[in-house]
Chemist: 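Attaching a single structure in structure tokens format; questions to follow.
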Amino acid sequence: MNQFDVSTFRQHFPLLSNRVNNLPLVYFDNGATTQKPNIVIDTESEVYQQYNANVHRASHALSAKATLAFEQARAKVQRFIQAEYLEEIIWTSGTTGGINLIAQSWGQKNLKTGDEILLSHAEHHANIVPWQMIAEKTGAIIKVLPLDASGLIDENGLAGYFNEKTKVVSFSHISNVIGKVNPVKKIITLAKKYKAITVIDGAQACAHLPLNMQTLDCDFYVFSAHKMFGPTGVGVLYGRRDLLTAMPPYQGGGEMIKKVSFLGTSFNQLPFKFEAGTPNYAGVIAFSASIEFINSFSLAELAKYENLLTTYCYEKLKNIKAVKFVVEEKPDIGVLSFTVSDSHNYDIASGLDAYGIAIRSGHHCAMPLMDYLQLSGCIRVSLAAYNTYAEVDFFIDKLTLLIDGNVDEVIVEPPRREES
Ligand code: PMP
């Protein structure tokens, strides 16, 4: 494999040559969603133009072709995350969809009054609210794991949070604000000791870390295609086969049944039991193209480049006196969160937008984390392998201008609003 060449890589992403406010777009909001390469856009379009038909329904040629591509995508995901069995891969609408499925299906069947669900202070709302909803229904209690100074789930005293009532431990592999890899193995080992299930939110990890479900040995792992150059509206729920088999369906409808009569219904086998209704097959097939695209460059090569770029950006930001990182340590992936002394986060974000630089300000769907850190919000720069050193330089230059108050007339005053 040749050394990673960012300019070749960028050429695959048509949107990156767009201009914003008459300046070249600098897209630094990859933690929210990544841009899509031509192969993903073309694959989705090809499905609709060449073989659009509902999957698993009909005997005709179009449906057979769509079904084959849809199931091949499942096998591709199985290999990508090294799951033991194909039927452990369930299609969802995204990370949020996956966590809701687990909470409602596993939780409704297994949780009872007084049982404990462990989350951490650094969770995305998608890994808090579904648990609150099922806790309310079942009488289970949520306990929250503290963080250490580097923003990770604190390993000290961790064991003290576990007891025989602990039934679920659900946490992010990498927080979307902190950008550091949690001590996953240690938490999984502890959870096993107490026979609690582990649910890992891999939304931020899936595009940056090689995943191996068999060595990780968690019970559930969820992630979203759109964070890894894939389409929106597609996600993956990995679950251990024995657990999925024992779980009741989450939603009812077509495809998830074996037999329906007014006397009762029997359910389909895995994975279809959890895939009621027409799936987003065009998106799933396009997602398969995004995995192939990543593999063709190698995830490790992309991560290596991202890491160098992140270090570069981190060091530059560190040299700006007014910049206060949310946690001091360099993140493990290209997620850099900070505030700027004497400036409103939104003013910085909209000031940068006037220069065509897309970053994010607000609570990042992590309000409890903001409370924990005693922040009203923060600014997040999130990098991907198509970002360049020149873009980082441009961003640092414009951020410095804004901090120094040397704003040119290019800046327009947008309506004031805190982004979520
Ligand atoms: N968890 C984390 C850590 C995330 O970063 C995100 C997306 N920002 C989600 C969950 C939710 O993902 P989705 O909106 O794709 O369901």
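Quick note: numbers below take in every heavy atom, side chains included, and nothing from hydrogens, waters or symmetry partners. In what follows, residues are counted from 1 in the order of the sequence shown. First listed ligand is number 1; within each ligand, the first listed atom is number 1.
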Chemist: Which of the listed options, His124, His173, His364, holds the heavy atom that is closest to atom 6 (C) of ligand 1?
Modeler: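 Looking at heavy atoms only, His124 sits closest to atom 6 (C) of ligand 1.
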Chemist: Return the residue, atom name and 0.1 Å-rounded distance of the protein heavy atom closest to atom 14 (O) of ligand 1.
Modeler: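 The closest heavy atom on the protein side is Thr96 OG1, 3.7 Å.
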Chemist: Can you label the angle between the Phe395 ring and the Phe338 ring as parallel, tilted or perpendicular, going by 30° and 60°?
Modeler: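 Geometry flag for Phe338 against Phe395: tilted rings.
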Chemist: Check for me whether Glu123 has a heavy atom closer than 4.0 Å to any atom of ligand 1.
Modeler: no
Chemist: Does only the side chain of Ser224 get under 4.0 Å from ligand 1, or the backbone, or both, or neither? Count heavy atoms.
Modeler: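 Only the side chain of Ser224 comes within reach of ligand 1.
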Chemist: Over 60° means perpendicular and under 30° means parallel, so tell me whether His363 and His125 are parallel, tilted or perpendicular.
Modeler: tilted
Chemist: Quick one: which ligand 1 atoms are inside 4.0 Å of a heavy atom on Ala203?
Modeler: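 What qualifies from ligand 1 is 1 (N), 2 (C), 4 (C), 6 (C), 9 (C), 10 (C).
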Chemist: Can you tell me if Lys227 contacts ligand 1 (heavy atom of the residue under 4.0 Å from the ligand)?
Modeler: yes
Chemist: With Glu84, which of Gln214, Met213, Gln78, Arg240 fulfils side chain to side chain contact (heavy atoms under 4.5 Å, CB included)?
Modeler: Gln214
Chemist: Check each of Thr189, Ile200, Ile174, Ile153 against Val184 using the side chain to side chain contact (heavy atoms under 4.5 Å, CB included) test, and report the only one that passes.
Modeler: Ile200
Chemist: Compute the minimum heavy-atom distance from Asn127 to ligand 1 and say whether it is under 4.0 Å.
Modeler: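 Asn127: no contact with ligand 1 (<4.0 Å).
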Chemist: If you count the non-hydrogen atoms of other residues, nucleotides and ligands that lie under 6.0 Å from NZ in Lys330, is the total more than 12?
Modeler: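 Yes - once you tally the heavy atoms of other residues, nucleotides and ligands closer than 6.0 Å, there are more than 12.
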Chemist: Which atoms of ligand 1 are found less than 4.0 Å from any heavy atom of Gln204?
Modeler: 3 (C), 4 (C), 5 (O)
Chemist: Do Phe293 and Phe9 have ring centroids that are under 6.0 Å from one another?
Modeler: yes
Chemist: For atom 1 (N) of ligand 1, what's the nearest protein heavy atom and its distance?
Modeler: Asp201 OD2, 2.5 Å
Chemist: Taking the six-membered ring where the residue is Trp, are the ring centres of Phe70 and Tyr281 under 6.0 Å apart?
Modeler: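 No, the ring centres sit 6.0 Å or more apart.
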Chemist: I need the nearest protein heavy-atom contact for atom 12 (O) of ligand 1: residue, atom name and distance, please.
Modeler: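 For atom 12 (O) of ligand 1, the nearest protein heavy atom is Thr95 CB, 3.5 Å.
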